[in-house]
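Structure, as structure tokens:
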Amino acid sequence: MAEKKMNTALLDKALKFAVDAHAGTERRGKGFPYIVHPMEAVSIVATITADQELLAAAALHDVVEDTAFTEEDIRKEFGDRIAGLVAAESDIVIEGKPDEESWHERKQAAIDRLAACSNDAKIVAIGDKLSNMRAIARDYFAEGDSFWNKFHAKDPKDHEWHYRGLVSSLSDLAGTEAYEEFSELVDKVFEKACK
């Protein structure tokens, strides 16, 4: 029996766009291409939904934040829904403050934004946040306490505050494998790092 052909044209276009947008960039201190992270986010989102626009938004989630492309560029290429989902995942910029000084303010804004946003945006966010938390867990358990020195906020208690806030903001997704893994990893890492 022949497999049913799925229309992945939108996701294919988003993946190509993301690959091109992140070309030549490395995941911070990881030694591998940045695009690996958005690809992992897509695979996580795919455990919750087959909605091609949500999968496309997961592929594109860091394009506005980390490249020269704007939300308007995403809107032109992919439409309002995907642009809005990407915007919900993009860190705000605090004018006149360096990243180190604005870290708490930016992270609180992200926690608040995610708590108030649609379930669709939360599904895209869990792809990103779980991918990040997997990397944190892997690297922290390999490197120990020196791991936190890579970040603008160097105290693990700051990261615990941020990630526990995200666990709360994304709690509408409780019961999905992705959310449960995310919540468990947050507990596992910060119970050790902040003891």
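Heavy atoms only: backbone and side chains are in, while hydrogens, waters and symmetry mates are out.
Rounding to the nearest 0.5 angstrom, the gap separating the OG1 atom in Thr25 from the CD1 atom in Ile35 is 8.0 Å. Ile136 CD1 to Lys150 NZ: the interatomic distance, rounded to the nearest 0.5 Å, is 10.5 Å. Going from atom CG of Asp91 over to atom CG of Asp62 covers 9.5 Å, rounded to the nearest 0.5 Å. Atom CH2 of residue Trp148 and atom NZ of residue Lys154 lie 12.0 Å apart, to the nearest 0.5 angstrom.
Between the side chains of His61 and His37, at least one donor N or O lies within less than 3.5 Å of an accepting N or O. Looking at Glu65 and Ser90, their side chains never bring a donor and an acceptor atom within 3.5 Å of each other. At a cut-off of 3.5 Å, with distance as the only test, no side-chain donor of Asp172 or Tyr179 sits close to an acceptor on the other residue. Between the side chains of Asp128 and Ser131, not a single donor N or O lies within less than 3.5 Å of an accepting N or O. Side chain to side chain, Asp66 and His22 fail the donor-acceptor criterion of an N or O pair below 3.5 Å.
Ile123 and Ile74 end up in different hydrophobic clusters when Ile, Leu, Val, Met, Phe, Trp and Tyr side chains are linked at under 4.5 Å. There is a path of hydrophobic side-chain contacts, each under 4.5 Å, that joins Leu10 to Phe69. When the side chains of ILVMFWY residues are joined at heavy-atom separations under 4.5 Å, either directly or via intervening members, Leu114 and Ile48 end up in a single hydrophobic cluster. A continuous path of ILVMFWY side-chain contacts below 4.5 Å connects Val42 to Met39, so both sit in one hydrophobic cluster. A continuous path of ILVMFWY side-chain contacts below 4.5 Å connects Trp103 to Met133, so both sit in one hydrophobic cluster.
Between Leu130 and Ala178 the shortest heavy-atom distance is CD2-O, 3.6 Å. The shortest non-hydrogen separation linking Ala137 to Leu185 is CB-CD2, 3.9 Å. Residues Pro156 and Phe190 come closest through the heavy atom pair O-CE2, 3.6 Å. The nearest pair of heavy atoms linking Leu15 to Ala59 is CD2-CB, 3.8 Å. Considering every non-hydrogen atom in both Val45 and Leu55, the closest pair reads CG1-CD2, 3.7 Å. Here the shortest heavy-atom pairing between Ser43 and Glu40 reads OG-O, 2.8 Å.
Among residues two or more places apart in sequence or in another chain, the side-chain contact (heavy atoms from CB on, under 4.5 Å) test is passed with Lys157 by Asp155, Cys194.
Under the 3.5 Å distance criterion, the side-chain polar atoms of Glu26 are left unmatched by any main-chain donor or acceptor of Pro33. No side-chain donor-acceptor contact under 3.5 Å links Ser102 to the backbone of Glu105. Here the side chain of Thr8 pairs no donor or acceptor atom with the backbone of Leu11 at under 3.5 angstrom. Using a distance-only test at 3.5 Å, with no hydrogens or angles considered, no donor-acceptor pair links the side chain of Lys107 to the main chain of Trp161. Judged by distance alone, with hydrogens and angles left aside, the side-chain atoms of Arg113 form a donor-acceptor pair with the main-chain N or O of Ala88 at under 3.5 Å. With hydrogens and angles ignored, the 3.5 Å screen pairs no side-chain donor or acceptor of Lys122 with any backbone N or O of Leu170. Remark: the backbone N or O of Leu166 is not paired with any side-chain donor or acceptor of Ser169 at under 3.5 angstrom. Thr47 places a side-chain N or O within 3.5 Å of a backbone atom of Ile44 that can act as its donor or acceptor partner.
Annotation: cation-pi pair Arg27/Phe32 absent, no NZ/CZ under 6.0 Å from the ring centroid and within 45° of its normal.
Listed by first and then second residue, the side chain to side chain donor-acceptor pair (under 3.5 Å) pairs involving residues 186-195 are Arg164-Asp187 (not counting sequence neighbours). Residue pairs meeting the side chain to side chain donor-acceptor pair (under 3.5 Å) criterion with at least one member in residues 48-60, sequence neighbours excluded: Asp51-Arg81, Glu53-Arg81.
Between Leu60 and Leu85 the shortest side-chain heavy-atom distance does not fall below 4.5 Å. Side chains of Phe182 and Leu173 form no contact here, defined as non-hydrogen atoms less than 4.5 Å apart. Looking at heavy atoms from C-beta onward, Lys76 lies in side-chain contact with Glu72 at the 4.5 angstrom threshold. Proximity of His162 to His104: side-chain heavy atoms (C-beta onward) are nowhere separated by under 4.5 Å. Inter-residue side-chain proximity for Tyr34 and Val19 is flagged as unmet; no heavy-atom pair is nearer than 4.5 Å. The shortest side-chain heavy-atom distance between Asp112 and Gln108 falls under the 4.5 Å cut-off. A 4.5 Å side-chain heavy-atom check between Glu101 and His152 finds every atom pair outside the cut-off. In this structure, Phe141 and Val189 have side chains that are in contact, with non-hydrogen atoms separated by less than 4.5 Å.
With respect to the salt-bridge test (charged N to carboxylate O, under 4.0 angstrom), the residues Lys129 and Glu89 qualify. The residues Lys16 and Asp12 are annotated as not salt-bridged, no charged nitrogen and carboxylate oxygen being separated by less than 4.0 angstrom.
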Stepwise side-chain contact (heavy atoms from CB on, under 4.5 Å) check, Val63 with Val86: CA-CA 8 Å; Val63 167; Val86 171; 5.6 Å; no
Verdict with supporting geometry, Phe78 and Lys13, side-chain contact (heavy atoms from CB on, under 4.5 Å): CA-CA 9 Å; Phe78 298 98; Lys13 178 181 175 185; 3.6 Å; yes
From CA spacing to verdict: side-chain contact (heavy atoms from CB on, under 4.5 Å), Val186, Ser183: CA-CA 5 Å; Val186 168; Ser183 181; 5.8 Å; no
Steps toward side-chain hydrogen bond (donor to acceptor under 3.5 Å, both in side chains) verdict (Asp73, Thr70): CA-CA 5 Å; Asp73 294 327; Thr70 65; 3.2 Å; yes
side-chain contact (heavy atoms from CB on, under 4.5 Å) evaluation trace for Glu71 with Arg75: CA-CA 6 Å; Glu71 184 181 339; Arg75 183 169 281 105; 3.1 Å; yes
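Ring pair Phe151/His159: centre-to-centre distance below 6.0 Å.
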